[in-house]
Amino acid sequence: MAIIDKAYLAINALYILVRFVLQYRSINWTETILYLVTVAIESFLYLNLYKVSRPRYDPGGILIDSGTDLSQPGLVSYMFDYIYVSWLVHLLSLLTKWAWCLYLAIPVYLAYAFGPYVLQFIRSQSGTAGPASAAATEGDNEKDKKRQEKKERKQQRVKYSR
């Protein structure tokens, strides 16, 4: 985490130095609020990652939890992705105001990654998913019937033993 600590401090210090000190006349409230909100989320995720990666001990000094592996996939990697996108946006926003639009990549990716699961859940809750799924269900029923009939025929066959 030492490299990430330094990058976190360097990128945010650079943004504050350039934007709030050197270019203070060109900054507006929208950019200030955007920066404060995104750095708050980034800091929350960063501190959360720091906390879960630390080992925990009981008062007697016995290891309770060795800490989360930060290279594992899943929620931890999504947290790092947000932090990296934030750093990229903060650096690019020093050059152009349109860099803030890169944050739109996050909901687009979430829709791409989790959209099929959400749609499947919604369809299963509504009972029917429309005419296409009704035809597919009928096809599945036929396959199940054929499979059951084949299984029954196998059971009815005469079995020879040695």
Side-chain angles (χ1 to χ4, degrees), residues 1 3-5 7-9 11-12 15 19 27-58 63-159:
M1 291 272 303
I3 295 173
I4 294 175
D5 292 342
Y8 175 80
L9 292 174
I11 290 171
N12 286 304
Y15 186 86
R19 212 62 177 128
I27 195 160
N28 56 29
W29 284 103
T30 307
E31 286 185 53
T32 304
I33 291 172
L34 280 173
Y35 176 73
L36 292 176
V37 168
T38 58
V39 83
I41 296 170
E42 175 187 339
S43 298
F44 170 76
L45 294 176
Y46 178 77
L47 291 173
N48 192 358
L49 286 170
Y50 183 75
K51 264 201 268 186
V52 299
S53 68
R54 305 280 303 178
R56 291 186 306 160
Y57 299 95
D58 71 354
L63 182 67
I64 296 173
D65 182 23
S66 62
T68 303
D69 179 18
L70 294 181
S71 64
Q72 70 181 358
L75 188 60
V76 172
S77 68
Y78 293 141
M79 289 180 181
F80 275 118
D81 291 345
Y82 180 84
I83 291 170
Y84 297 148
V85 168
S86 290
W87 290 350
L88 179 68
V89 169
H90 291 166
L91 290 176
L92 290 177
S93 68
L94 295 174
L95 304 173
T96 178
K97 292 180 182 182
W98 291 101
W100 294 101
C101 293
L102 286 175
Y103 274 117
L104 294 175
I106 295 171
V108 168
Y109 176 75
L110 289 174
Y112 169 76
F114 298 112
Y117 300 112
V118 172
L119 289 176
Q120 182 181 8
F121 177 74
I122 291 171
R123 287 181 182 152
S124 69
Q125 294 299 318
S126 67
T128 60
S133 69
T137 305
E138 289 175 12
D140 290 342
N141 287 341
E142 284 183 35
K143 290 179 182 178
D144 289 339
K145 282 183 184 179
K146 288 181 181 179
R147 189 176 301 128
Q148 185 65 27
E149 288 172 4
K150 186 176 180 181
K151 188 176 181 183
E152 289 173 4
R153 282 194 309 258
K154 278 187 176 182
Q155 289 176 351
Q156 292 174 356
R157 287 184 192 165
V158 178
K159 295 180 182 176

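- Applying the 6.0 Å contact sphere to OH of Y84 captures more than 12 heavy atoms from other residues, nucleotides or ligands.
- You'll find the side chain of W100 reaches within 4.5 Å of the side chain of Y35, heavy atoms only.
- No side-chain heavy atom of F114 sits less than 4.5 Å from a side-chain heavy atom of F121.
- Residue E31 places its CD atom among more than 12 non-hydrogen atoms of other residues, nucleotides or ligands, all under 6.0 Å distant.
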Legend entry - Chi angles and distances behind the side chain to side chain contact (heavy atoms under 4.5 Å, CB included) call for Y109, D81: CA-CA 11 Å; Y109 176 75; D81 291 345; 5.6 Å; no
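- Here the straight-line distance linking atom CZ of R147 with atom NZ of K143 works out to 8.0 Å at 0.5 Å rounding.
- Annotation: the span from Q148 atom CD to D144 atom CG amounts to 8.5 Å, rounded to 0.5 Å.
- The structure places CG of L92 at 11.5 Å from SG of C101, a figure rounded to the nearest 0.5 Å.
- Using bins of under 30°, 30° to 60° and over 60° for the plane-to-plane angle, the ring pair H90/Y103 lands in the perpendicular bin.
- Here the shortest heavy-atom pairing between S93 and A99 reads N-CB, 3.5 Å.
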Inset, instruction - Check the pair I11, E42 against side chain to side chain contact (heavy atoms under 4.5 Å, CB included), reporting the backbone distance first and the verdict last. - result: CA-CA 12 Å; I11 290 171; E42 175 187 339; 6.0 Å; no
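- The OG atom of S43 sits 12.0 Å away from the CG atom of N48 when rounded to the nearest 0.5 Å.
- Note that CG of L36 is 9.0 Å distant from CH2 of W29, once rounded to the nearest 0.5 Å.
- When atom types are taken as modelled, the side chain of S53 and the backbone of Y50 share a donor-acceptor pair closer than 3.5 angstrom.
- In this structure, P116 and Y112 approach most closely via the heavy-atom pair CD-O, 3.7 Å.
- At least one donor-acceptor pair closer than 3.5 Å links the side chain of N12 to the backbone N or O of Y8.
- At least one side-chain heavy atom of Y82 sits less than 4.5 Å from a side-chain heavy atom of T38.
- Shown here for M79 and L49, the closest heavy-atom pair between the two residues is SD-CD2, 3.6 Å.
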